[in-house]
Protein chains: 2
Amino acid sequence: MTSDLDAPIDDQAARAAWLYYVGGLTQDQIAAEMGLSRQRAQRLVSRAVGAGLIHVRLNHHLARCVELEAALRERFGLVRCRVMPGLGPARDPVRSIAPAAAEEMERVLAESGSRVIALGTGRALRGMVDAVGPVEAPQHRLVSLLGNIALDGSASYFEVIMRLAEKVRAPHYPMPVPVLVDSVEENRTLQSLGAVRKVRGLAQAADVTFVGVGQMSEDAPLMTDGFLTADELHEIQRAGAAGEVAGWIYDRQGRYLDLALNARLTGVRVEIATPSRPVIGIAAGSQKIVALRAALTSGIINGLVTDEPTAAGILAG
Amino acid sequence: MTSDLDAPIDDQAARAAWLYYVGGLTQDQIAAEMGLSRQRAQRLVSRAVGAGLIHVRLNHHLARCVELEAALRERFGLVRCRVMPGLGPARDPVRSIAPAAAEEMERVLAESGSRVIALGTGRALRGMVDAVGPVEAPQHRLVSLLGNIALDGSASYFEVIMRLAEKVRAPHYPMPVPVLVDSVEENRTLQSLGAVRKVRGLAQAADVTFVGVGQMSEDAPLMTDGFLTADELHEIQRAGAAGEVAGWIYDRQGRYLDLALNARLTGVRVEIATPSRPVIGIAAGSQKIVALRAALTSGIINGLVTDEPTAAGILAG
DNA sequence: TCGCCGTATGGGCAAATACTCACGCGCGCC
DNA sequence: GGCGCGCGTGAGTATTTGCCCATACGGCGA
């Protein structure tokens, strides 16, 4: 990833992108200004965009999105709701929702009082963290809802909490355990560890929680990430699984299922959503509509950042 | 300006720009997606940029800017300081500092407690307001430091407070009087009005103040905006004028001058900057270096948003 | 009703930008 | 010390974009 050695290059890239997007210079002018070849200027701008150094936001509320937000708020009694324009099919909706999710996160980070912020995992949360600006917020504590170790022992690809903590310089409490362990006994052992108990306690007392929402269809993240086999998935599907938050699986009414799997999950089950302790779901995509509707129905989440087609899909049900 | 009738067009423009900048589609693809001709897509994107619907921010701290910020903070004991990359000569520095100033404003607006926010006038503040996102902040009160009526009786070109109030839906207290009146008596009459007294009192009690900083050189805004004649300007220059905040003129040490003009100024003189009641100066440009250094020296302002060359110039003195 | 004017639209073209390729340099490995 | 290997660079080229113009549309006044 971006190491410290890249800093001067990133600085150049950021400067070039600034001149390009804010200053409105052409790449030729940038090259002249910075004393580079035009190709290099082009590469720097491109690099800045690719590395997420540059961040575009829409200073305008689209009527359609506002309507959907109002409808979702109304129907599910949401505390927070953001609906971003869709990007058309074949584009990753994370690109669309990440900036809005980041704004929600920044809103919390901007609070001057100290908060405990709990975080799930997943691509959407990772996108959110990447889009968060480098604000200093050392007064808050960041805590992980679930383990960040994948089955193969590697730290999870979607490292959310460490990245965010690094950006905002806040104390952080990752859960240094696997998401899912092999046996009930192993889990019991882990849960008895003081460190794990402390992190779980903090997570359960979180003031705000940000989570992804997983679908339980054939492309379930729990399966593609290797936590479930296809057979296990099918069995759980037959038990009525509609979605999953932090690994905990629920049915179409958003009621958590009583599964054998539960005893092997190390993470905290999210069930604290109240107006003063919101749980914000960050998710978009047609595959996630069912899972989102269920989580919203029972109030597992009472805040939502999604995109237009997903919002419409949720409301259509 | 942008009227309500433009809303559907602005919606289209915003959507096109979203697809272009966030989605990364080409204008051809946008045209296909939205069912338009390519030219129309191009015009919409262009319109969105022109109308300030789209807002670019740099998610990366440039080493050079951070250094300058630290040096300014240190030397002048600043509460807040932001230095943005310069755009090269011949580009309006307001483009560079407006987004950062808007972030500072949003930071204040995000506070959940109720604040009184005082605002000056000028191009830089106008740029800031345009860059502020449509956040709801009805808990705060916005108050004007000085009149918004120009000499010819028209409401000032740089309408700052009304625009901001409209965006954030906060109660606002403009000062419905001229910046400068013709005679001392006229001023006395105005100042005795209950409405004016109330606004002035609120402004003096502001929790945060945002001001532009005017230079007193040959291109002084006070003169180009028609408040001073060339002769008056020259006389004031001879009296040692270095800069001006909200119309109140100070010398190179940042001490307010005792001028005949003062008796005709309707606005509030800013002299409340403390760590808990910051006064943030928003200004950039080589002509403003002297004025800024003076205001920083005496602490008329204790916060600053500027650009790189200006910051370097201030420190060089 | 006609004609005028301002505005919006799409085609075409020149400029600007993104991509591809071949080369060169430095680094590490043998 | 020689030999690749990979990264970065510049030249050339395809694509995309911005702009100008001719034209169509619609509103308005005569």
Side-chain angles (χ1 to χ4, degrees), chain A residues 1-58 60 62-63 85 87-92 95-96, chain B residues 1-60 62-63 85 87-92 95:
Chain A
M1 286 287 131
T2 304
S3 80
D4 285 349
L5 292 172
D6 290 334
I9 293 126
D10 276 356
D11 263 34
Q12 277 201 304
R15 192 176 290 277
W18 185 261
L19 291 171
Y20 189 68
Y21 287 108
V22 179
L25 312 214
T26 70
Q27 296 180 350
D28 267 324
Q29 294 172 300
I30 294 167
E33 176 83 22
M34 298 179 65
L36 311 161
S37 70
R38 201 188 63 71
Q39 293 86 333
R40 182 142 175 77
Q42 194 278 327
R43 284 195 179 96
L44 286 172
V45 173
S46 160
R47 181 193 176 97
V49 174
L53 267 39
I54 223 71
H55 184 84
V56 177
R57 111 176 163 183
L58 199 54
H60 178 84
L62 289 161
L87 292 178
R91 298 272 154 175
D92 185 355
R95 297 176 71 152
S96 195
Chain B
M1 289 285 125
T2 303
S3 80
D4 286 351
L5 293 170
D6 290 333
I9 293 125
D10 277 355
D11 264 34
Q12 276 200 303
R15 192 176 291 278
W18 184 261
L19 292 170
Y20 189 68
Y21 287 108
V22 179
L25 312 213
T26 70
Q27 296 180 352
D28 265 326
Q29 293 173 304
I30 295 167
E33 177 81 21
M34 296 179 65
L36 312 162
S37 71
R38 198 197 54 85
Q39 293 82 344
R40 185 147 172 73
Q42 196 276 330
R43 283 190 180 99
L44 287 171
V45 173
S46 161
R47 181 194 178 96
V49 174
L53 268 38
I54 223 73
H55 183 84
V56 177
R57 107 174 167 186
L58 200 54
N59 244 355
H60 178 82
L62 288 163
L87 293 178
R91 298 272 153 177
D92 184 357
R95 297 176 69 155

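Below, read A as the first sequence line, B as the second, and so on, with proteins coming before strands; counting in each chain starts at 1. Computed over heavy atoms, backbone and side chain alike; hydrogens, waters and symmetry mates excluded.
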Open item on the list: Tell me the closest heavy-atom pair linking A/L44 and A/A16, and the distance in Å.
Closed with: CB-CB, 3.8 Å

Open item on the list: Rounding to 10°, can you tell me the angle the first-five-pair axis of the helix from C/dT1-D/dA30 to C/dC30-D/dG1 makes with its last-five-pair axis?
Closed with: 20°

Task: Considering all heavy atoms, the nearest A/S96-B/W18 contact - done: OG-NE1, 3.1 Å

TODO: Identify the 5'-most and 3'-most nucleotides of DNA chain C with at least one atom closer than 4.0 Å to a non-hydrogen atom of chain B.
DONE: C/dT9 to C/dG12

TODO: Could you tell me which non-hydrogen atom of B/G23 sits nearest to which non-hydrogen atom of A/L87, and how far apart they are?
DONE: CA-CD2, 3.6 Å

Task: Contacts of A/Y20 that satisfy side chain to side chain contact (heavy atoms under 4.5 Å, CB included) - sequence neighbours left out - done: A/Q27, A/I30, A/V45

TODO: With the side chain counted from C-beta on, respond yes when A/R91 and B/Q29 share a heavy-atom pair under 4.5 Å apart, and no when they do not.
DONE: yes

Open item on the list: Tell me the closest heavy-atom pair linking A/A14 and B/L62, and the distance in Å.
Closed with: CB-CD2, 4.0 Å

Open item on the list: Once salt bridge (Lys or Arg N to Asp or Glu O under 4.0 Å) is applied, what residue pairs with a partner in residues 13-23 of chain B remain, sequence neighbours excluded?
Closed with: A/E308-B/R15

Open item on the list: Quick check: do A/P85 and B/V22 have side-chain heavy atoms less than 4.5 Å from each other?
Closed with: no

- [ ] At under 4.0 Å between heavy atoms, which parts of nucleotides 7-12 of chain D does protein reach? Answer with one letter per nucleotide, 5' to 3': B base, S sugar-phosphate only, - none.
- [x] --BBB-

- [ ] Identify, residue by residue, the members of residues 18-32 of chain B with a heavy atom below 4.0 Å from DNA chain C, and return them in order of residue number, or none.
- [x] none

TODO: Taking salt bridge (Lys or Arg N to Asp or Glu O under 4.0 Å) as the test, write out the residues that go with B/R57, two or more places apart.
DONE: A/E106

Open item on the list: Checking B/A17 now: which residues fulfil side chain to side chain contact (heavy atoms under 4.5 Å, CB included) with it, not counting sequence neighbours?
Closed with: B/Y21, B/A48, B/I54

- [ ] With sequence neighbours left out, write down each residue that passes side chain to side chain donor-acceptor pair (under 3.5 Å) with A/R40, or none if nothing qualifies.
- [x] A/Q12

Open item on the list: Just to verify, what does B/D28 make a side chain to side chain donor-acceptor pair (under 3.5 Å) with, not counting sequence neighbours?
Closed with: none

